[in-house]
K.L.:
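The structure is given below, and queries will be raised subsequently.
Just so you know, residue 1 is the first one in the sequence shown, and it goes up from there.
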Amino acid sequence: QFMLPDWEAATALKTALCGGKTNFIVGQNFETGIMIAMTPSNPDDTMPFTSKIAKDFAWNKDEGQYTMASMATDFQDFERKLYMSLEDYSLLRVCSDCNVSESNVGPIWAALLNTLHVNSLPSCADLDKKDCSRPEAIIRIACPERCGCSLPQAGHYLLRGCPLETCAADKNYAAALGALSLEDLSNLTLSQLP
């Protein structure tokens, strides 16, 4: 009696996914790790089970869970999001850390958690600084401030994912750049920079 609901759900899922009537697409942008989902149907009670799965995957608003995928409006939008270059994607971002309570950052945050192999991360402030040196661009896409993208002296050898255009245009970046001395820094000072 305890297994029956799970068995029925598993059977319905198998039928929906393997029954030949799938009408959704899920993909992952290679550059960012962000998931993209698309279904041609509107979410309602008559929607096929597979479309509901795609909608839940992309628009899960339950408290404590992140929206896992960016929902595409049509196939052209799906392809555009799926093949968007890192450079094009970073032009869409601002030079501030993601706020996990904002609904539009869910796909970015889900990709970050997946990259870090963790189930939760309350905020970018909780990100270990050494993770900023990892090669995965999604870390700096999600947490550009934490990773030093907004600092002219960050010294990162990896800037992939930093929204450099928006960071360099920021008034704080310009002020920090203007405050730099024209003299070389000491070895001690250089060793303490991020």
K.L.:
Going by side-chain contact (heavy atoms from CB on, under 4.5 Å), name the residues that satisfy it together with T166, two or more places apart in sequence or in a different chain.
P.N.:
C95, P163
K.L.:
Using the rule that Ile, Leu, Val, Met, Phe, Trp and Tyr join whenever any side-chain heavy atoms are under 4.5 Å apart, tell me whether L82 and F75 fall into a single cluster.
P.N.:
yes
K.L.:
Between M35 and N114, is any pair of side-chain heavy atoms under 4.5 Å apart?
P.N.:
no
K.L.:
For D74, what residues pass the side-chain contact (heavy atoms from CB on, under 4.5 Å) criterion, not counting sequence neighbours?
P.N.:
Q76, D77
K.L.:
Checking Q28 against I36 for the side-chain contact (heavy atoms from CB on, under 4.5 Å) test, could you report, in this order, the C-alpha distance in whole Å, the side-chain angles of both residues, the deciding distance, and whether it holds?
P.N.:
CA-CA 6 Å; Q28 185 177 29; I36 316 296; over 6 Å; no
K.L.:
Are V118 and I139 connected into the same hydrophobic cluster when the rule is that any two of I, L, V, M, F, W, Y join if their side-chain heavy atoms are below 4.5 Å apart?
P.N.:
yes
K.L.:
Apply disulfide bond (SG atoms under 2.5 Å apart) to C149 and C167, showing your working.
P.N.:
CA-CA 7 Å; C149 296; C167 288; 5.3 Å; no
K.L.:
Go through Y83 and N29 one step at a time and tell me if the side-chain contact (heavy atoms from CB on, under 4.5 Å) criterion holds.
P.N.:
CA-CA 6 Å; Y83 298 113; N29 180 292; over 6 Å; no
K.L.:
Between E145 and S96, is there a donor-acceptor pair closer than 3.5 Å when you use the side chain of the first and the backbone of the second?
P.N.:
no
K.L.:
What pairs with C124 under disulfide bond (SG atoms under 2.5 Å apart), at least two apart in sequence or on another chain?
P.N.:
C143
K.L.:
Yes or no on side-chain contact (heavy atoms from CB on, under 4.5 Å) for L92 and M84, after CA distance, side-chain angles and deciding distance?
P.N.:
CA-CA 11 Å; L92 302 175; M84 185 179 284; 3.9 Å; yes
K.L.:
What I'd like to find out is whether the side chain of D131 reaches to under 4.5 Å of the side chain of E136, using heavy atoms alone.
P.N.:
no
K.L.:
Without swapping roles, check the side chain of R140 against the backbone of S133 for a donor-acceptor pair under 3.5 Å.
P.N.:
no
K.L.:
Using the salt bridge (charged side-chain N to carboxylate O under 4.0 Å, His left out) criterion, which residues pair with K130? Sequence neighbours excluded.
P.N.:
D128
K.L.:
How close do L113 and S120 get, heavy atom to heavy atom, and via which atoms?
P.N.:
CD2-C, 3.8 Å
K.L.:
Should V100 and L121 be marked as a side-chain contact (heavy atoms from CB on, under 4.5 Å) after you check the CA-CA gap, both sets of side-chain angles, and the distance that decides it?
P.N.:
CA-CA 9 Å; V100 297; L121 184 69; over 6 Å; no
K.L.:
For the side chain of W109 and the backbone of S123, is there at least one donor-acceptor N/O pair under 3.5 Å apart?
P.N.:
no
K.L.:
Scan for salt bridge (Lys or Arg N to Asp or Glu O under 4.0 Å) pairs involving residues 25-35, sequence neighbours excluded, and state none if there are none.
P.N.:
E31-R160
K.L.:
Show the nearest heavy-atom pair for residues G161 and L86, with the distance to one decimal.
P.N.:
N-CD2, 3.9 Å
K.L.:
Quick one: which residue pairs count as a salt bridge (Lys or Arg N to Asp or Glu O under 4.0 Å) with a foot in residues 82-100, not counting sequence neighbours?
P.N.:
none
K.L.:
Taking R146 for the side chain and L127 for the main chain, is one N or O donor matched with an acceptor at less than 3.5 Å?
P.N.:
yes
K.L.:
Do Y173 and L151 sit in the same hydrophobic cluster, where Ile, Leu, Val, Met, Phe, Trp and Tyr count as joined when their side-chain heavy atoms come under 4.5 Å apart?
P.N.:
no
